[in-house]
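No experiment lies behind these values; they were computed from the predicted model shown. All residue numbers refer to positions in the sequence shown, counting from 1.
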Amino acid sequence: MSSLAVKLVAWNATANPTRSAVTAVSAYKDGVACGHADGTIWLYDLELAGDNHADPQASDPSLYPKCMLSAHQSPVAVIKASEISAPSAEGREATLISVSEDGDVVVWSSADGRCISRVRTRLPGIRPTSVCVQAVDYQSAAEDLVFVAGEGPAAYVLSYPSLELVYEWRLPHAEWITAQVVRKRRDHFRSELVTCTTDGKMRIWSYDEFALAQHDVFARGSGSGSNDGSPEQRQRGDTDSPKVTPAAESRSASVDGDDDSGAEPDQAQFSLDAEFAALGEAQAISELVINPYNDDEFLAVSAQTVRLFASRDSELHELLRWRPQRSTEAQFAGAGFLAKSDIVFWDTAGAVFSVCTQFSVEGGSAGMHTARLHAASSGAVATALSRAGQRDVLVSYASGRQHTLAVVLPVPLSSVSGSANRPHVAPADARSGPRNWLGQTTPFAMNGLWTEWLGDVSTEPAVTSALVLRSGRVAVGYADGAVRIVSQAALVGGHGDGADAARLGGHTGAITALHEPDAAGGLLLSASKDLTLRIWDAATGECVFVLPTQSAPAVRLVGAGGALVLGVGADNATTLVSASALERVHVTAAYHAAPERLTVGAGGEAALLYADGSRRQFALGPQAAAVSVALAAPRAGGAWLGAGVLGAAAALALDVDVEQLQAAVARAAGDGATADEMRALAARPAVGAARAVLAQLCAWGVSAELDGVKRDAFGLRAPARPLALALSSRRADAHTALFPGRGGGGASWCVSSQLNAQRMLAILVLARGVLQGKCLHVLVEWRRCSSAKRGNERRAVEVINFYVGRLP
């Protein structure tokens, strides 16, 4: 695929995220991120009417879905908002760090949702529960550091944002780390890592962040940034001082740092400065939060207690302690600072508590004010307090029968009149009222909102498979067992798909794979969850033959030379069929390892090679052609179009190679084509598809005058189906699908500088190809310009400039 390519996604109502529980939430500048149990992450735009920073209560928040991020294969455990250096006017780019339960770590851009980086291999041996970021001095050439810890015998340090895993910390104790936080020491020569473990102990480790970061740079430069190692090596511990070594060197470095060869020992290590005994209760500390206004203070949250500590000179002092006001099954889940003396903490049932340390009494509940964000039977609740731009935002998501997202713009108690031991009286100009001390709380009923948001989105069944045929048409398989064959232009633009679409019906289960055999012209194979393979005449839509599969549906159909097609089942059973002879040639039983390659010799002897190194041999007969085929999922694509399914959204994803499409248009239409000839050529597949793609890339509804120019001068038609832009990182195997733009079309254009630039360049290239006839000049009045003849290239540039002037 060339460098200029765009991805379009045809959404449907099955992408509703309220079908999956939310496991992690975070607020960031202008938005909210929600991680789900199915591994997807949804970003929502959070808009405040008036954007009144001086008085946040004077704004009514509004919420709208922005995009879906797809990379993780297990529930999202942690989402953390952060920033990285970027070549922009601000010099920083807002990012999100997401960590799943299987140890997968991904960095996303919160501006457009694109994947910035992903850890090469999942962190082994732990179930992550805690993530913290260490900012390295800006004068250093090294990247920042990310610490990941959780349920397991090791903790990991990654470079940020590249996520190169270069340090593996083998814990010197058997207990898991339940919470961690980093801070700069007062002398500014070293940093401190504060950890809590399952036995209730708290430890303070000091380390040299510059030594770690510089070692990180050298390790990546020498190619030691891999994290492969045996479980025995990863679980090896030391009863003395813990040692941090590069992951690739940890297999040969001694645990205590001694080296018989006389080499200088690694200076990048953690030193135990202080250790404090059990904190007086059985529950372990689940979260540590540094006071951003005074880094000597931090909060320690456990199931039944929230403590405020001060750490000075390697000594730990407990300042205040809070317990639940009444007996309840809910447990404390997190906490945060609103101001220097104001603290907010919350429990697993959606109750929020606020205190002002100036008036609080140790060991009691005096000064504690309570508010409930969700009903008692709301189900699982995920809550987080984050700094979003210039304000603090508290977000809480309840995943019960009715999904509810509560957004709170909290107000510090110290800024409101009244005593700490009685309800506060809100200012006269505040909307919260005298009983709502927390600030403005806006609940969003997500089930109803998603029904409203998806009103203009197709309600057709979920797409489960797609294939671009050699004829240029596209076969799409659905969850209801149907297969539709449509033209490329109809698929992109949505016009005329009822007239030229062929519907293949017969399967009773979702379509799992599609394939067009090499030497069986006009035939199409489809596999389904009904445990059958069907052979179709793609031209007439007639089912030619039905063949059974093995004990599980075929999830891959791979050509094996000529008319042979190998179906690989979900249980790794295989079915080899002949599309020309309409019969099963050979079957193999289920196996624990996946088949990776099929080889057929000149004499018909065949062998299946599996991932564990084993092989199964069988004979096909001398008529079989000699081939060697890799059984990885093939890319379903044509010359300029690739089709597939986008992750958990079950939506149709189209990869459009703009340069290849423009070249196909140039071959169909000569440079001197007249206007009438160009209109006649619109029936050609390439030209019609190029017009449909160009219409999708142009935003509609921004300006009625501009829409008229696109219709009258360009001959474009507004798309009949809502397709959204998407981003994919093939290296990281991560995908981002933007939600279809809001009414008016403006929001679908203003995404980010990088995505907008790519989109504008694609419009320019396609416009030059579709509108290249030299005689195609029209008289228009547009943007205060007098009537004049305009060249096509100049007109395309002015269309782009129109959008550029409306970018944020």
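No side-chain N or O of S100 forms a donor-acceptor pair with one of R122 less than 3.5 Å apart. With 3.5 Å as the limit, one finds a donor-acceptor pair spanning the side chains of S98 and H72.
Looking at residues two or more places apart in sequence or on another chain, you find no ring pair (Phe, Tyr, Trp, His ring centres under 6.0 Å) involving Y478. Among residues two or more places apart in sequence or in another chain, the side-chain hydrogen bond (donor to acceptor under 3.5 Å, both in side chains) test is passed with S110 by none.
Across every non-hydrogen atom of I511 and T464, the tightest pair is O-OG1, 2.5 Å. Contact detail for V381 and A398: the closest heavy-atom pair is CG2-CB, 4.1 Å. Closest approach of R118 and A71 over heavy atoms only: NH2-O, 3.0 Å. Nearest approach of P172 to W205, heavy atoms of both residues: CG-CH2, 3.8 Å. Nearest heavy-atom pair, S528 versus G509, reported as atom, atom and distance to 0.1 Å: OG-O, 2.9 Å. Contact between F332 and T305 at its shortest, heavy atoms only, is CD1-N, 3.6 Å.
Checked by atom type and distance alone, the side chain of S26 never pairs as donor or acceptor with a backbone atom of K80 at under 3.5 Å. Between the side chain of D45 and the backbone N or O of K66, no donor-acceptor pair lies under 3.5 Å. Side-chain atoms of R183 do not come within 3.5 Å of backbone N or O of V194 as any donor-acceptor pair. No donor-acceptor pair under 3.5 Å is formed between the side chain of T512 and the backbone N or O of K529. Without hydrogens or angle criteria, H403 side chain to T18 main chain gives a donor-acceptor distance under 3.5 Å. Looking at N447, its side chain never comes within 3.5 Å of a backbone N or O of W450 through a donor-acceptor pair. Looking only at distances, a side-chain donor or acceptor of T348 sits under 3.5 Å from a matching main-chain atom of Q331. A donor-acceptor contact shorter than 3.5 Å links the side chain of S729 to the backbone of A732. When atom types are taken as modelled, the side chain of Q134 and the backbone of V182 share no donor-acceptor pair closer than 3.5 angstrom.
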Practice task
Show the numbers, then the answer: is there a side chain to side chain contact (heavy atoms under 4.5 Å, CB included) between F345 and V301?
Solution key: CA-CA 9 Å; F345 42 94; V301 182; 5.6 Å; no
Exercise for the section: For the pair L165 and L123, evaluate side chain to side chain contact (heavy atoms under 4.5 Å, CB included) and give the outcome as yes or no after the intermediate values. Expected result: CA-CA 9 Å; L165 177 58; L123 304 182; 3.7 Å; yes
Exercise for the section: Would you sort out whether E143 and E164 count as a side chain to side chain contact (heavy atoms under 4.5 Å, CB included), showing the intermediate values? Expected result: CA-CA 10 Å; E143 295 183 326; E164 292 288 346; 5.8 Å; no
Practice task
Kindly determine whether M446 and Y44 satisfy side chain to side chain contact (heavy atoms under 4.5 Å, CB included), including the steps that lead there.
Solution key: CA-CA 11 Å; M446 301 301 287; Y44 299 88; 3.6 Å; yes
Problem - Derivation and outcome, side chain to side chain donor-acceptor pair (under 3.5 Å), residues S396 and H374 - result: CA-CA 9 Å; S396 182; H374 307 285; 2.8 Å; yes
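In this structure, OG on S70 lies 12.0 Å from NE2 on H36, to the nearest 0.5 angstrom. For the atom pair OH (Y610) and CD (E596), the distance works out to 11.0 Å, reported to the nearest 0.5 Å. To the nearest 0.5 angstrom, T23 atom OG1 is 7.0 Å from I79 atom CD1. Between Y207 atom OH and W169 atom CH2 the span is 10.0 Å, to the nearest 0.5 Å. Within the model, atoms OG of S117 and CD1 of I84 stand 7.5 Å from one another, a figure rounded to the nearest 0.5 Å. Distance check, rounded to the nearest 0.5 Å: CG of L394 to CH2 of W346 gives 6.0 Å.
Counting heavy atoms from C-beta outward, E93 and I116 have side chains that approach closer than 4.5 Å. You'll find the side chain of L96 reaches within 4.5 Å of the side chain of L43, heavy atoms only. You'll find the side chain of V393 stays beyond 4.5 Å of the side chain of S386, heavy atoms only. Residues W453 and F739 meet the side-chain proximity criterion, which asks for heavy atoms closer than 4.5 Å. Residues T40 and W42 have side chains in contact (heavy-atom distance under 4.5 Å, counting atoms from C-beta outward). Side-chain contact check for Q180 versus T178: every heavy-atom pair is 4.5 Å or farther apart. Put simply, the side chain of D104 does not reach to within 4.5 Å of the side chain of S74, judged on heavy atoms. Within the 4.5 Å cutoff, side-chain heavy atoms of L646 are placed close to those of M68.
Within a 6.0 Å radius of NZ in K7, more than 12 heavy atoms belonging to other residues, nucleotides or ligands are found.
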